[in-house]
2 protein chains.
Amino acid sequence: MTTTAARGLRIAELARAVGVPTDTVRYYERVGLLPPPKRTPGGYRDYEVSAVDRLQFIQGSQRLGLRLVDIGHLLAVRDTGRCPCEPAGELLRRRLADVDAQIAQLTALRAEMAAMAAALPQAECPDPTPGTWCPPEEEGGECACSS
Amino acid sequence: MTTTAARGLRIAELARAVGVPTDTVRYYERVGLLPPPKRTPGGYRDYEVSAVDRLQFIQGSQRLGLRLVDIGHLLAVRDTGRCPCEPAGELLRRRLADVDAQIAQLTALRAEMAAMAAALPQAECPDPTPGTWCPPEEEGGECACSS
DNA sequence: CTTGACCTTGGACCCGGGTCCAAGGTGCAG
DNA sequence: CTGCACCTTGGACCCGGGTCCAAGGTCAAG
């Protein structure tokens, strides 16, 4: 076996691998989503490759709207394969229900929005000039899309 | 016509009607989602009944995950029935696409979570004692669900 | 007129989730 | 050995979306 102390990822590498700033990685560690990694003799964080996975899981869950604290619970489940203390299956099922509810709500609003969109068939400013649409810039320029 | 100055809703009534604190109503006004209502001679806000609707729309959109500023854009569309300045249909369609994307992501994560839930068939703490499941309380009590 | 419920304002504060910064330490290349 | 990129820490700051508070005004009932 070639000495397995292969030196894993440095924080910037890990961060780059999932596309977040290093600050965020440290932040996640601070709030307990990422276990404190080993350190190099010099004190640098030394992540195992699996951390990429974990971070991606976090990103995924979080894009979903789960709060970090909840993601923490899920990670605990994922890590241990069992309840961190209380019925984890319960927890997962609840979350699942939440998610279902969110999906339902989203779907409903989607319909509402679609209806709104449909309701302005003729509005469609005379000459939209597709490149010119003002991004939600703040007042101060008050979008000169009169052209 | 019986004098139409019928005195609409006071802030608390409006707030109660949609289930938010009065503070939130004022806050929405501050940030421009709710137009400043008429005032009674004494200076009290005097809302028309339609404000309930608007507030509900806000709640709905916002439950959806739209940011208040975006909701503002939608409201502008809704109010005028046309672009507040730039192609509103565009905007709506973009949002719609966003929402679709969110739904897709949620659905994907739902699946992932379902898989996780399925993956712990036997875990299920011996005696869940359904009433006893510890709410995500902070450490300090470290949930005594040993019973 | 008094009382109490409700209203007004402005400003401070809170939480989540970062994001930035300064001062100093590491480590590898040249 | 010097440089330079990268790392460390702690703490301050930011934004969105509220939430609370104090000091004072309004108004309807009794």
Side-chain angles (χ1 to χ4, degrees), chain A residues 5-47 51 54-75 98 136-138, chain B residues 5-34 36-47 51 54-75 98 135-138:
Chain A
R7 173 189 165 291
L9 301 164
R10 280 142 178 268
I11 194 166
E13 294 168 332
L14 172 58
R16 228 174 294 124
V18 296
V20 298
T22 55
D23 273 342
T24 297
V25 175
R26 285 191 208 96
Y27 174 69
Y28 287 166
E29 181 179 329
R30 278 219 289 294
V31 300
L33 293 186
L34 242 31
K38 302 183 292 259
R39 297 297 185 117
T40 66
Y44 287 12
R45 286 178 181 79
D46 186 26
Y47 292 96
R54 193 181 188 82
L55 217 28
Q56 273 167 349
F57 180 91
I58 295 173
Q59 297 290 286
S61 310
Q62 186 228 39
R63 214 167 295 127
L64 217 198
L66 297 184
R67 291 163 310 176
L68 295 186
V69 47
D70 294 326
I71 297 176
H73 293 325
L74 290 184
L75 282 168
D98 279 7
E137 284 305 314
E138 282 309 282
Chain B
R7 175 187 163 294
L9 301 164
R10 278 138 179 271
I11 194 166
E13 293 167 333
L14 171 58
R16 228 174 294 122
V18 296
V20 296
T22 56
D23 273 341
T24 297
V25 175
R26 285 190 208 97
Y27 173 68
Y28 287 167
E29 182 180 328
R30 278 218 290 291
V31 299
L33 292 185
L34 242 31
K38 301 183 293 257
R39 297 297 185 117
T40 65
Y44 286 13
R45 287 179 180 78
D46 186 27
Y47 293 95
R54 191 181 189 83
L55 218 28
Q56 273 166 350
F57 180 92
I58 295 172
Q59 297 292 286
S61 309
Q62 186 228 38
R63 214 166 295 127
L64 217 200
L66 298 185
R67 292 162 311 176
L68 294 186
V69 49
D70 294 326
I71 298 176
H73 293 324
L74 289 184
L75 282 169
D98 279 7
E137 284 304 315
E138 282 311 283

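The sequence lines fix the lettering, A, B, ..., with proteins before strands; numbering per chain opens at 1. What's counted below: heavy atoms across the whole structure, side chains too, no hydrogens, waters or symmetry copies.
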Q: What's the OH-C1' distance between B/Y27 and C/dC14, to the nearest Å?
A: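 Value for this atom pair: 13 Å.
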Q: Is there a side-chain contact between A/T24 and the phosphate of C/dT19, meaning an N or O under 4.0 Å from OP1 or OP2?
A: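 Affirmative; the distance criterion is met.
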Q: When the distance from CD of B/E13 to P of C/dC6 is rounded to whole Å, what number comes out?
A: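 For the pair B/E13 CD and C/dC6 P, the rounded distance is 10 Å.
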Q: Do B/V25 and B/Y47 have side chains that get closer than 4.5 Å, going by heavy atoms?
A: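 Of all side-chain heavy-atom pairs linking B/Y47 with B/V25, at least one is under 4.5 Å.
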Q: Of the options C/dT9, D/dA28, C/dG17, whose atoms approach the side-chain atoms of B/R10 most closely?
A: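 Of all the options, the side chain of B/R10 is nearest to D/dA28.
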Q: With a non-hydrogen cut-off below 4.0 angstrom, is A/P21 in contact with a base, only sugar-phosphate, or nothing?
A: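 A/P21: backbone/sugar contact only, no base atoms under 4.0 Å.
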Q: Tell me: CG of B/D23 to P of C/dC7, nearest whole Å?
A: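 For the pair B/D23 CG and C/dC7 P, the rounded distance is 11 Å.
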Q: Classify the side chain of B/Y44 and the base of D/dC27 as holding, or not holding, a donor-acceptor pair under 3.5 Å.
A: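 For B/Y44, whose side chain was compared with the base of D/dC27, there is no donor-acceptor pair (under 3.5 Å).
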Q: Could you tell me whether B/R67 contacts a base, only the sugar-phosphate backbone, or nothing, with contacts defined as non-hydrogen atoms closer than 4.0 Å?
A: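 Sugar-phosphate only.
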Q: Give a yes or no on whether the backbone of B/L33 and the side-chain of B/R54 come within a donor-acceptor separation of less than 3.5 Å.
A: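 Yes, B/R54 side chain to B/L33 backbone: donor-acceptor pair under 3.5 Å.
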Q: Quickly work out the A/E29 CD to D/dC7 P distance and round it to whole Å.
A: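 Interatomic distance, CD of A/E29 to P of D/dC7: 14 Å.
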Q: Grab the CG-C1' distance between B/L66 and D/dG17 for me, whole Å please.
A: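 Taking CG of B/L66 and C1' of D/dG17, I get 14 Å after rounding.
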Q: Just to be sure I understand the rule, does A/R45 reach a base, reach only the sugar-phosphate, or reach nothing, if contact means heavy atoms closer than 4.0 Å?
A: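 Counting heavy atoms under 4.0 Å across all strands, the contact made by A/R45 is with sugar-phosphate only.
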Q: Among D/dC27, D/dT8, C/dT9, which nucleotide sits nearest the side chain of B/R39?
A: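 For the B/R39 side chain, the nearest candidate turns out to be C/dT9.
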Q: B/P21 and B/A15: which non-hydrogen atoms are nearest, and at how many Å?
A: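 Looks like C-CB, 4.1 Å.
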Q: Taking for each residue the nucleotide of DNA chain C bearing the nearest heavy atom, is the 5' side occupied by B/T22 or by A/P41?
A: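 Checking each residue's closest nucleotide, the 5'-ward one belongs to B/T22.
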Q: Looking at B/Q62, does any N or O in its side chain come under 4.0 Å of the phosphate oxygens OP1/OP2 on D/dG16?
A: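 No, because none of the side-chain N or O atoms of B/Q62 sits under 4.0 Å from OP1 or OP2 of D/dG16.
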Q: Counting only side-chain heavy atoms from C-beta out, which of D/dT9, C/dC20, C/dG17 sits nearest to A/R26?
A: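 Of the candidates, D/dT9 comes closest.
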Q: Could you state the atom-to-atom distance from CG of B/L68 to P of D/dT19 in whole Å?
A: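 That distance rounds to 11 Å.
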Q: Rounded to whole angstroms, how far apart are CZ on B/R16 and P on C/dA5?
A: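 Whole-Å distance recorded here is 14 Å.
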Q: Is any side-chain heavy atom of A/D46 closer than 4.5 Å to a side-chain heavy atom of A/R10?
A: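 Side-chain contact under 4.5 Å: no.
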Q: Hey, is the side chain of B/Y28 poking within less than 4.0 Å of OP1 or OP2 on D/dG18, counting only N and O atoms?
A: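 Yes, because at least one side-chain N or O of B/Y28 sits under 4.0 Å from OP1 or OP2 of D/dG18.
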Q: Describe the nucleic acid contact of A/R30 in one word from base, sugar-phosphate, nothing, applying a heavy-atom distance below 4.0 Å.
A: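 Answer is base: heavy atoms of A/R30 come under 4.0 Å of a base.
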Q: Given 3.5 Å as the limit, does a donor-acceptor pair link the side chain of B/T24 with the main chain of B/V20, or not?
A: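 Not at all, since once roles are kept as given, no pair shorter than 3.5 Å links the two residues.
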